[in-house]
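Encoded as structure tokens, the structure appears first; notes follow it.
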Amino acid sequence: TAAAPRPWRLFGAMCLVRLPRITQPLEKEEEEIAALMGQIELEKSHYSDHEIRKLQEEEQLRRRKESAYDDDDEAPGKTVIMAQDLEDKWEQKLLQFEAAPRITDADKNNNRTSLNRKLDSNLMLLVKQKIGNQELWLLPQVEWQPGETLRSTAERAIATFLGDHIQAKILGNAPYGIYKYKFPRAIRTEDNVGAKVFFFKAFLQSSDLSQAELKEDYLWVTKDELGDYLKSEYLKKVNRFLLD
Amino acid sequence: PCRAQPKKKKKVDVKREQAQKDRMKKKIKKLEKAAPEMIPIEDFITPLKYSDSNRVRSLPPLSFEETERRVLLMKKWCLFKQKQDKAEWKAIQTLVEAQQEALKELRLESEELYQAAIRRDEGLFPFERDGPNYTPPLPGYDPPEGKCVDITKVYTQ
């Protein structure tokens, strides 16, 4: 028997992930253990050259003070750089350097369209799309066309919403998840029972999106914030393939 | 009689030279047969200047409370890591299950798309990525100039 044409429409969706740029803050246990490990390492170690020099100089200073400032014949004209001075100089240099802040302005304003927010977690792209007669927040998706693989459908989805100049590393040819839904009875026909959306995952490689021509509303959200925008069934399926 | 003598000298010389050459060849063969000298691993040899006694740190001995605290902390850490590991394992399991479900549905749809999906992606590995740092990169930062001179010793066998 010939295979009947399936009544499901296929969509390819892409979950574009911006990987974290800074490390997550340590948990309380991790901090305690880190302190303990440092202490054990200090106890098991020997003195380094710098420390020996420092101890010797302290001894010399102490001896000079006790013997009441006689023999200064080594010192006239010669300024000896002490190890303590070196340490102070290095400390000063460190204090002068100002690193970029870990909590950026976008964090403070809660500007969800910016990529500079929440630098220590994964950010996913959400786009507002019109399905049927509803405007919904979804992962960018386009309909599959015969002749292309589902992976190229997902690539087309990115290109449609963000333009061609985005570099993304797609993780493999296989889909990561699937969301199946049936159309409401009003639109359902024999050949068109519902739709299957296959999700693919990609890592964002290009760091700035100034060249992106974004046509619709878009948001970059973390996994916890997905619940604010996605519907519950869709969210359940999406959460399965997202690692925190 | 006059003719024979010079000939003898030549023979003896030739014999002696031959013997010398053989001895030299034997010596060369012996040297080659001996095992090649091991390349010393510099990490495993502690330089003698670090075994001086004045290098040993003098610290007060640990009190009983301190050792107790350390042991309890290590046990808490053990539990913490175990929970973390189990959570990671569970997350990977759900990931794999979700993918298997998606592939099953895809197979129901069309065999051709399924075959295209399970094909190996050649461009994926080797996968390189710069790891996350403690602070984000400072825009317009000019790092100080410097030259790096490599002084590692290279041994040949």
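Lettering of chains follows the sequences in order, A, B, ..., and the numbering in each one begins at 1.
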Pairwise salt bridge (Lys or Arg N to Asp or Glu O under 4.0 Å) hits with a residue in residues 113-126 of chain A, at least two apart: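 Sorted pair list: A/R117-A/E225.
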Donor-acceptor pair, side chain of A/S152 and main chain of A/E148, under 3.5 angstrom: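 Flag not set: sc A/S152 to bb A/E148 has no pair under 3.5 Å.
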With a 4.5 angstrom heavy-atom cut-off, could you sort out which part of [X] is near chain A: side chain, backbone, both or neither?
X	answer
B/L138	both
B/Y114	neither
B/P139	neither
B/L62	side chain
B/L73	both
B/Q84	side chain
B/R120	backbone
B/E88	neither
B/F80	side chain

Members of residues 50-62 of chain A whose heavy atoms come closer than 4.5 Å to chain B: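 Against chain B, the residues of residues 50-62 of chain A that fall inside the cut-off (heavy atoms, under 4.5 Å) are A/E51, A/I52.
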Test: A/E43 and B/R70 ion pair at under 4.0 Å: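 Counted as a salt bridge, because a side-chain N and a carboxylate O are separated by less than 4.0 Å.
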Contacting moiety of [X], where chain B heavy atoms sit under 4.5 Å:
X	value
A/T104	neither
A/L150	both
A/K44	neither

Residue selection (most heavy-atom pairs with chain B, distance under 4.5 Å) from A/P20, A/G177, A/A99, A/A174: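 Of the candidates given, the most pairs with chain B belong to A/A174.
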